[in-house]
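Numbers here are sequence positions counted from 1. As the structure lists them, so they are numbered: ligands from 1, and atoms in each ligand from 1.
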Amino acid sequence: MTQRSESPVFSRSMGDCLFCKIIDKKIPAKVVHEDDQVIAFRDINPQAPTHVLVVPKRHVATLNDVTAADHAMVGHMVTTAAAVARSEGHAEAGWRAVWNVNAAAGQTVFHIHLHVLGGRALGWPPG
Ligand code: AMP
Ligand code: ZN
């Protein structure tokens, strides 16, 4: 294992992390997609008719911690988000991908996740 993957920010699983517990099936979730790299499940407090979180299986705390070594993982998150939006029927009408980073943006779970929101008109600028 490399030094990078042993650091707390990048470790494979964090014992006190909510999304690591969902990945490890210690907490239930309404999973809509899962593969070797990501899991996608419905947000427990949906902000739109479709509100799905696309979460990498490797623990990374915030988008600030992503590096060039994560391009494949992040790319897979983005294509998974688009596939979820399409399967939920929002590809043509429109949908939104949101990445909250740290306190000012309202990040509450410090394991990166891409929000997929669709099924209603979404205002701009966001709140
Ligand atoms: P953020 O504010 O960007 O960190 O987003 C965290 C999201 O996780 C929020 O939209 C929460 O509603 C959602 N969330 C928190 N706990 C759970 C859970 N147990 N299952 C599904 N979604 C959750
Ligand atoms: Zn985690």
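Listed by number with element, the atoms of ligand 1 under 4.0 Å from a non-hydrogen atom of T108 are 1 (P), 2 (O), 4 (O), 5 (O), 6 (C). Taking a cut-off of under 4.0 Å to the non-hydrogen atoms of R42, the atoms of ligand 1 that pass are 21 (C). Set against the non-hydrogen atoms of H113, the atoms of ligand 1 under 4.0 Å away are 1 (P), 3 (O), 4 (O), 5 (O), 6 (C). Near N45, meaning under 4.0 Å from one of its heavy atoms, ligand 1 places the atoms 12 (O).
Using a 4.5 Å cut-off on side-chain heavy atoms (C-beta onward), R120 and T50 make no contact. No side-chain heavy atom of H33 sits less than 4.5 Å from a side-chain heavy atom of S87. Inter-residue side-chain proximity for W99 and V74 is flagged as met; some heavy-atom pair is nearer than 4.5 Å.
The list of side chain to side chain donor-acceptor pair (under 3.5 Å) pairs with a residue in residues 36-46, not counting sequence neighbours, reads R42-E88, D43-H51.
Salt bridge D70/R58: present, at least one basic N to carboxylate O contact under 4.0 Å.
Considering D43, T62, V52, I22 only, the shortest heavy-atom separation from atom 9 (C) of ligand 1 involves D43. Counting only non-hydrogen atoms, the option in I44, V101, L53 that gets closest to atom 17 (C) of ligand 1 is I44.
Considering backbone and side-chain atoms together, F19 places no N or O closer than 3.5 Å to any N or O of ligand 1. Checked against a 3.5 angstrom limit, the closest N/O atoms of I27 and ligand 1 fall outside it. By the 3.5 Å distance cut-off applied to N or O atoms, H115 is counted among the residues near ligand 1.
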Would T80 and H76 satisfy side chain to side chain contact (heavy atoms under 4.5 Å, CB included), going step by step from the backbone distance to the final call? CA-CA 6 Å; T80 300; H76 191 60; 3.8 Å; yes
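Closest of all the heavy-atom pairs between F19 and H111 is CD1-O, 3.7 Å. Of all heavy-atom pairs between H113 and V109, the closest is CE1-O, 3.2 Å. Pairing each heavy atom of I112 with each of M73, the nearest pair is CD1-CE, 3.7 Å.
Residue L117 holds its CG atom at 9.5 Å from CH2 of W95, rounded to the nearest 0.5 Å.
G106 O, 2.9 Å is the protein heavy atom nearest to atom 2 (O) of ligand 1. Of the protein's non-hydrogen atoms, the one nearest atom 16 (N) of ligand 1 is L18 CD2, 3.2 Å.
When you scan the N, O or S atoms of H59 for the one nearest the Zn ion (ligand 2), you land on ND1. Checked against the Zn ion (ligand 2), the N, O or S atom of H111 at the shortest distance is ND1.
With a 4.0 Å heavy-atom cut-off, ligand 1 is reached by the side chain of F41 but not by its N, CA, C or O.
Between Q47 and ligand 1 there is no heavy-atom distance shorter than 4.0 Å.
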